[in-house]
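Values in this document were obtained by computation on a predicted structure and should not be read as measured data.
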Amino acid sequence: MMARFKSKLLKELFCRSLTRDILLSMALRILAVTIVSAGISYFHLMSTLESQTREQLQKYVLERGKREESLFTLAEDNHKILKQALLKRLEQLGNQDPREGFNQLFYLWSDGTWRNFLENQPVKQFDSEQYPSVFIGKQVPNTADIRRRMLVFYELTKSYGPAWKNRFVDTYIMGPENFVANYWPTVPWGIEAQADLFMPKEEYFYVSDKKHNPARETVWTGLYFDTVPKLWMVSVETPVDDRLGNHIATIGHDIILNELMERTVNDHLHGTYNLIFRSDGRLIVHPDYMPQIQKKLGQFNILESGDANLLRVYHAVKTSRSQTLVIDNSKDNEYLAVTRLNGPDWYFVTVYPKSLLSEIAANNARFVLNVGLIALLLEILLLFSVLYKQVTIPLNKLLIATDRVSDGNFDIDLNTKLPNELGHLATSFTSMANQLHESFLLLEKNNEELEVRVQHRTAELSQVLKDLQQTQSQLIQTEKMSSLGQLVAGIAHEINNPVNFIYGNLTHVNSYTLDLLQLINLYQQQYPCSTTTIQTAVEEIDLEFLKQDFPKLLSSMKVGTERIQRIVQSLRNFSRLDEAEFKAVDLHEGIESTLLILQNRLKAQPNFSEIEVIKNYGQLPLVECYPGQLNQVFMNLLSNAIDALEASAFNQQLFIDRNLQQKINPTICIVTQVLADNAISIHISDNGSGMDETVQAKLFDPFFTTKPVGKGTGLGLSISYQIVVGNHRGKLYCHSTLKQGTEFVIEIPIHQVGHNHCLT
């Protein structure tokens, strides 16, 4: 009977009860807030992304433009130097006829051309690393003027070509009569050129003649495919006229574009693509048109492509006035980040579809909406659970008690005509008032006790938070160095096995080689007159050179493997993963291992000189320490010294002292010595720009760094201080003076007496 009463009561509650009304009202309100939040999130994020994307695109395309055009600018500067040298040399020769020198250098071939190599000889014998190759067309008259200019072209390309070979594939000087001197270290261009080659009709020449270049300025060709080396190129040409205005020469560089084209296609922001075109519409690079560009040998023009989107991109870029900007191509719903490459008059364009932004914003809005719906469902379930337990069930009990009171056991004077649960609650409210009052008193007492407990707990949590902050930096760096050590040790182990195999077999290979060479010598002594076939084969493989060079190659391989073994040993010494206990070690060995790992950063870089490391080691005894942790300290201090020298090189314009006008070499000095109090000291100093007192005061604070965002975490010196002072009972301090350099000093006892031998 009681169960039927409860079931009937629950049905009444859900039909017209306060529980249903609250649930429905809260659900509608939370749903509306969720939808509005998702919409606001979408539009706000879209606006923010558009602004950030435009700034990032402009910065990105500007950096790409500067990087891609640097080689073009250098080429034009080279031409100014070579043009002055050419005119000066011709002026010195005057009207001399260098026939004798001409005939000593150049040979007339049977096809009517002149070259600086004997005809019918193997081309591989020509030393293109040392000498330029020469081609004089068969229709060129052999006059004193031609001979004079040809010798000057040859001398200048021989002098300047090797100096510029690291940045440019070749350096050449052409005469308008169809002759050229070309220094190309890997390709004897003039030797391999076809006899019917007529350069004045080629774009790389005629762009510099007076018809096409009346201003007589340095000009660039379009993209073309050179059939001799079979490479994509662009040429920069500078015309040279004599005092009478006669076109006497054209200076040129060929720049290989294969890497630029691949980099433009493959190196792009996520979801975007890059293209390059010339101001006249000639397409240089486009990820979707590379087959057409190759088919037309670089003569593919956007104006003839029929691609509406590509035409809109071209016209939008051409009609813009700023040199570097982001254009809103609203018709195609995309941004165009544009920069102009000085020199060849090219435009570098990054196409960024706006759909990338809307997709991010939509995903974020969907996430907000989904989270809101999930939260709505959870809140409804939680609210129903709370209402059911806190309202429905208690009201059911109150109604049963009210029915008993209605029999006349209590004198109640309340309004019982309310249409909801409160009307039934009023019937039994009087009889429960006293009990509720006692309950409230008890609740206040409990609240006071709870507040006291919360205060104690808050104090405990504050102390825990301080402890966590102190250990956070150490945990981060410890985990990083642990992973680095495991990686280094793993790599060293994997390299060591095959290197030992190779090194072990080199001895046998050397022995077998000597036996085979001895057998060949014996064969030649016993059979001096070999067959024509064998003699031809001996000449083709250059047996004498092979007999001399092959043992040298084996010796070089042995030296190389020994070098790898030393590097592997240094890596294993640096990682020291198995040394988590105090151990007596040679600290010089750890310093040397760290320097070997940092060797690449010590070498000369494009923007500053090689860093010199001066080592003044004392006679240190074996020191009890955590070797791996001290290696970590050495790595942090030496890396900071290198960073300081690099920053100083940038700020002081490559270490040039304006007062002395002398180059200051970047230097790191390492000094070790034994101290009087049974300890040792290690001094690591640099001649960088130093630090002021404000920076020194915060030097060992966690997360403090003077490096740019992304270059440093501010943990290195804090961890180093903990390792030296906390783990080794030593000292770590710094001496620094602005514009004079910085010195870090490590002092640790030789023996760790009474120290708790465990890693902190």
Side-chain angles (χ1 to χ4, degrees), residues 55-84 160 163-164 166-172 203-208 212-224 232-240 250-265 267-269 273-286 293 298 300-302 313-327 335-351 606-607:
E55 293 180 1
Q56 293 172 357
L57 281 176
Q58 186 164 351
K59 181 179 179 182
Y60 167 80
V61 78
L62 180 60
E63 292 176 350
R64 283 293 296 266
K66 288 182 178 179
R67 182 175 63 183
E68 303 298 357
E69 75 178 11
S70 60
L71 191 61
F72 302 145
T73 304
L74 181 59
E76 295 183 350
D77 293 338
N78 290 347
H79 281 204
K80 295 176 183 178
I81 298 172
L82 190 53
K83 181 178 179 179
Q84 293 176 358
Y160 286 89
W164 295 336
N166 290 335
R167 299 299 303 273
F168 300 97
V169 64
D170 66 350
T171 302
Y172 55 88
E203 183 184 16
Y204 56 78
F205 180 86
Y206 70 69
V207 294
S208 67
H212 296 86
N213 186 9
R216 315 309 288 151
E217 298 175 346
T218 298
V219 293
W220 293 78
T221 68
L223 178 69
Y224 67 90
W232 286 103
M233 294 185 179
V234 64
S235 299
V236 54
E237 312 294 344
T238 299
V240 181
T250 294
I251 300 171
H253 275 318
D254 289 336
I255 299 176
I256 296 177
L257 296 179
N258 292 60
E259 291 184 2
L260 172 63
M261 297 168 72
E262 292 177 3
R263 188 166 59 248
T264 302
V265 172
D267 185 8
H268 57 82
L269 299 174
Y273 66 91
N274 302 322
L275 66 147
I276 299 176
F277 58 83
R278 208 164 65 173
S279 59
D280 60 358
R282 193 162 168 182
L283 191 61
I284 308 299
V285 184
H286 192 294
I293 295 174
F300 185 84
N301 198 294
I302 294 175
V313 171
Y314 171 75
H315 289 301
V317 172
K318 285 291 292 179
T319 55
S320 64
R321 297 181 179 179
S322 178
Q323 184 178 6
T324 303
L325 74 166
V326 177
I327 302 172
Y335 289 121
L336 306 177
V338 184
T339 188
R340 193 167 184 172
L341 303 182
N342 293 324
D345 194 24
W346 291 355
Y347 290 95
F348 182 96
V349 182
T350 295
V351 180
N607 56 347

D170 backbone acceptor or donor facing H253 side chain under 3.5 Å: yes
Distance-only donor-acceptor check, side chains Y172 and D254, under 3.5 Å: yes
Exam field: side chain N274 to backbone F348, donor-acceptor pair closer than 3.5 Å: no
Side-chain (Y314) to main-chain (S279) donor-acceptor, under 3.5 angstrom: yes
Considering all heavy atoms, the nearest L336-A316 contact: CD1-CB, 4.0 Å
Minimum-distance pair of heavy atoms, taken over all atoms of S70 and R167: OG-NH2, 4.3 Å
Taking every non-hydrogen atom, the tightest pair across H268 and Y60: CA-OH, 3.9 Å
From CD (E76) to NE2 (H79), nearest 0.5 Å: 8.5 Å
Nearest-0.5 Å distance that lies between atom CZ in F168 and atom CG in N78: 5.0 Å
Residue pair W220 / P344: nearest heavy atoms and the distance that separates them: CG-CA, 3.3 Å
Polar side-chain atom of R216 near backbone of N213 as donor-acceptor pair, under 3.5 Å: yes
Spacing of OG1 belonging to T73 relative to CG belonging to N342, to within rounding of 0.5 Å: 6.0 Å
Sole candidate of I256, L223, I276 that passes side chain to side chain contact (heavy atoms under 4.5 Å, CB included) when paired with M261: L223
CA sep, side-chain torsions, deciding dist, call: F277, V349, side-chain contact (heavy atoms from CB on, under 4.5 Å): CA-CA 8 Å; F277 58 83; V349 182; 3.8 Å; yes
Side chain proximity check, L269 to L57, heavy atoms < 4.5 angstrom: yes
R282 side-chain N/O to G298 backbone N/O, donor-acceptor pair under 3.5 Å: yes
Heavy-atom donor-acceptor pair, E237 side chain to T250 backbone, under 3.5 Å: no
Least distance between heavy atoms, P239 atom then S208 atom: CB-O, 3.4 Å
Full working for side-chain contact (heavy atoms from CB on, under 4.5 Å) between L82 and T171: CA-CA 10 Å; L82 190 53; T171 302; 4.1 Å; yes
Side-chain ion pair, D280 and R278, N-O less than 4.0 Å: yes
Polar side-chain atom of H212 near backbone of Y206 as donor-acceptor pair, under 3.5 Å: yes
Between CD on residue E259 and CG on residue D267, distance to nearest 0.5 Å: 12.5 Å
Whether T221 side chain and S235 backbone form a donor-acceptor pair below 3.5 Å: yes
Verdict with reasoning, L62 to K66, per side-chain contact (heavy atoms from CB on, under 4.5 Å): CA-CA 6 Å; L62 180 60; K66 288 182 178 179; 4.0 Å; yes
Listed partners of E68 passing salt bridge (Lys or Arg N to Asp or Glu O under 4.0 Å), at least two apart: R64, R263
Gap between atom CH2 of W346 and atom CD1 of I284 - 0.5 Å precision: 5.0 Å
Gap between atom CG of L260 and atom CE of M233 - 0.5 Å precision: 13.5 Å
side-chain contact (heavy atoms from CB on, under 4.5 Å) between Q58 and T339, intermediate numbers included: CA-CA 9 Å; Q58 186 164 351; T339 188; over 6 Å; no
Which atom of L341 lies closest to which atom of F72, heavy atoms considered: CD1-CE1, 4.3 Å
